[in-house]
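Throughout, protein chains are lettered first and strands after them, A, B, ... in sequence-line order, and every chain is numbered starting at 1.
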Amino acid sequence: MENRWIPIGRMTDDKDVLRDVWFGRIPTCFTLYQDEITEREAEPYYLLLPRISYLMLVTDKVKKHFQKVMRQEDVTEIWFEYEGTPLKWHFPIGLLFDLHASNTALPWNITVHFKNFPEKDLLHCPSKDVIEAHFMACVKEADALKHKSQVINEMQKKDHKQLWMGLQNDKFDQFWAINRKLMEYPPEDSGFRYIPFRIYQVTTERPFIQKLFRPVATNGQLNTLGDLLKEVCPAAITPEDGEKKNQVMVHGIEPMLETPVQWLSEHMSYPDNFLHISIIPQPTD
Amino acid sequence: MSLNLDTEDDFYLEENRFKQCCAEFIKHSQQIGDGWEWKSIKDFPDGYMSKTHFQMKNGNTPSIFKDSTKESDEQTFTHVEEALDDSQVAGICATSEVIRYEYHVLYSSSYEVPVLYFRACFLDGRPLTLDEIWEGVHECYRARLLEGPWDTITQQEHPLLGQPFFVLHPCRTNEFMAPVLANSQRENRNINYITSWLSIVGPVVGLNLPLSYAKLVSEQNTKTD
């Protein structure tokens, strides 16, 4: 399932790409942190996580499973960690995996905690409303970039709700019935006003790089992924005669650098309408 | 509909203008000892304006901080220069709950407006919860803030530091700034966007500006007339 190449540039039905992105899954094994106090031994819990969703939205069963072996009073706010790094639930799951674990063997091994919530690293998530608010804030920001917020502001509250419910209930058609409007642009233009994207690297304190970037150059040519990186994160590009040091990854694959960013934005954005791009070290095997 | 957007266009704050306004703002802050400073990010051209102040849980300034030689224009003049360090503050106010507020003004390129980020913690490092933050918001603002989910205070990751902060959502900024800016254009007055903006959003979260910021701008106007 991982490292599969989508033949961009061939006569692939673009709608297949949308479905492939939506239905991507990561086999995950959840293990309770050894210092948590349990009444009996906690078995690990296996789950297929949707790449496009958020940890706190899809782990109710995980919480219930471990609560069964713990005392009520020891169960406070759940949080997740991978190899010592607290996992930011407000990042989509696919982004977290690509960034931290894409070149390691499956299943993805996540550790579950109920104590010592890392206040300095993680946002609190007291209810699903917080996830919805975060998700909608991202959708809104993406539309500010694409359409000066015109499309999102013209929608009714029920349309916004439909986006959220589509994501929460894993309903591709319900979601895209509304989302397709956010992917349109005026016929006289060649694309969106600016492309909503964020570039992530584990090596920086700064959580991501986000800048204004137009999909079309002044000469009318479509800007590519390579053009985007050259402008925003030049260190990620392999020099002409140099060795490839990094992978530029979206949804577990490395799109060709010649891919137009307008196409990527329309087809490989996450449900929040952002392209979340990971720059990770090239594996050395 | 598109007509409105065109006129609102003139009032978006471009990034270089943002930096300029902050520089002027900080210059005045230094003159009056208001504690604002500019922080840069290593290896990037980005930066933000930052200020820290201390406040008692009941909303009063710890008495040691009130400077009797200064005129107190406003009763809510509660900020203080960070001349005392945390341990000195703790020693002075041992029996009271002192809260350390940190305010950051960042630029949002998505909305082309400034955004206010803030966090608060007790002196022992314990951060305030969202409920405790709400307690500090004046009643007259609470109802308005609760009207729309995108207008409320939410916890978010600081885009430059990567740590949890509270944020006043920026998507409506242009709505309330447009009339202020339109007015100043009509009257041929130059105003500092940051000063106007911060004087509107700041008080909502306990941040007040001394009146001298406004006096500074109008002095500049009379000089150029």
Side-chain angles (χ1 to χ4, degrees), chain A residues 86 88-91 117-127 129-150 152-154 157 160-161 164 186 193-198 200 202-213 232-233 235 273-274, chain B residues 1-2 4-6 8-9 12 14-15 40-48 106-113 115 119-122 124-133 148-175:
Chain A
K88 299 181 183 185
W89 66 260
H90 66 283
F91 284 7
F117 188 88
E119 299 277 355
K120 292 220 156 49
D121 299 305
L122 298 183
L123 303 179
H124 286 282
C125 189
S127 74
D129 291 342
V130 174
I131 313 174
E132 180 179 2
H134 166 71
F135 171 72
M136 288 311 303
C138 291
V139 172
K140 213 168 191 285
E141 185 176 349
D143 203 58
L145 288 165
K146 288 199 274 188
H147 304 116
K148 284 192 188 180
S149 304
Q150 263 178 293
I152 195 79
N153 286 345
E154 267 170 14
K157 266 204 165 77
H160 298 157
K161 206 64 180 175
W164 168 246
R193 183 168 180 242
Y194 295 111
I195 299 291
F197 73 90
R198 287 185 179 157
Y200 302 80
V202 272
T203 48
T204 56
E205 177 187 64
R206 188 181 185 143
F208 54 78
I209 299 171
Q210 181 181 336
K211 288 205 157 73
L212 295 179
F213 187 80
V232 168
C233 191
N273 279 242
F274 269 86
Chain B
M1 178 80 153
S2 58
N4 283 342
L5 280 176
D6 286 341
E8 277 186 5
D9 238 350
Y12 284 107
E14 186 267 323
E15 187 159 12
S40 309
I41 300 292
K42 185 170 167 245
D43 298 333
F44 289 102
D46 306 275
Y48 58 95
L106 271 74
Y107 181 73
S108 163
S109 53
S110 305
Y111 290 103
E112 295 176 274
V113 292
V115 191
R119 63 180 170 187
C121 60
F122 295 100
D124 61 4
R126 179 169 81 79
L128 265 70
T129 63
L130 188 50
D131 285 336
E132 285 167 326
I133 297 276
W150 300 324
D151 292 345
T152 55
I153 301 171
T154 55
Q155 195 189 34
Q156 281 183 38
E157 186 178 38
H158 191 291
L160 299 177
L161 301 180
Q163 293 167 28
F165 269 72
F166 292 105
V167 190
L168 225 44
H169 203 275
C171 64
R172 296 270 166 93
T173 302
N174 208 52
E175 262 177 55

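- One finds the CZ atom of Arg172(B) at 10.0 Å from the OG atom of Ser149(A) (value rounded to the nearest 0.5 Å).
- Heavy-atom distances place both the backbone and the side chain of Pro159(B) under 4.5 Å from chain A.
- Residues satisfying the side chain to side chain donor-acceptor pair (under 3.5 Å) criterion with Asn273(A), sequence neighbours excluded, are Lys146(A), Asn179(A).
- The pair Arg206(A)-Asp43(B) fails the salt-bridge criterion, with no side-chain N (NZ, NE, NH1 or NH2) lying under 4.0 Å from an Asp/Glu carboxylate O.
- Ile41(B) CD1 to Glu205(A) CD: the interatomic distance, rounded to the nearest 0.5 Å, is 7.0 Å.
- Residue contact with chain B, scored on non-hydrogen atoms closer than 4.5 Å, involves the backbone and the side chain of His124(A) alike.
- A side-chain contact (heavy atoms from CB on, under 4.5 Å) with Gln155(B) holds for exactly one of Val130(A), Leu122(A), Leu123(A); it is Leu123(A).
- For the residue pair Ala137(A) and His169(B), the shortest heavy atom distance occurs at CB-NE2, 3.9 Å.
- Minimum heavy-atom separation, Pro164(B) to Glu119(A): CG-O, 3.4 Å.
- A salt bridge is absent between Arg198(A) and Glu157(B): the closest approach of a Lys/Arg side-chain nitrogen to an acidic carboxylate oxygen does not fall below 4.0 angstrom.
- Taking NZ from Lys140(A) and OG from Ser110(B), the interatomic distance works out to 12.0 Å, rounded to the nearest 0.5 Å.
- Among all heavy-atom pairs drawn from His158(B) and Pro207(A), the shortest one is O-CG, 3.6 Å.
- Residues passing the side chain to side chain donor-acceptor pair (under 3.5 Å) test with Glu15(B), sequence neighbours excluded: none.
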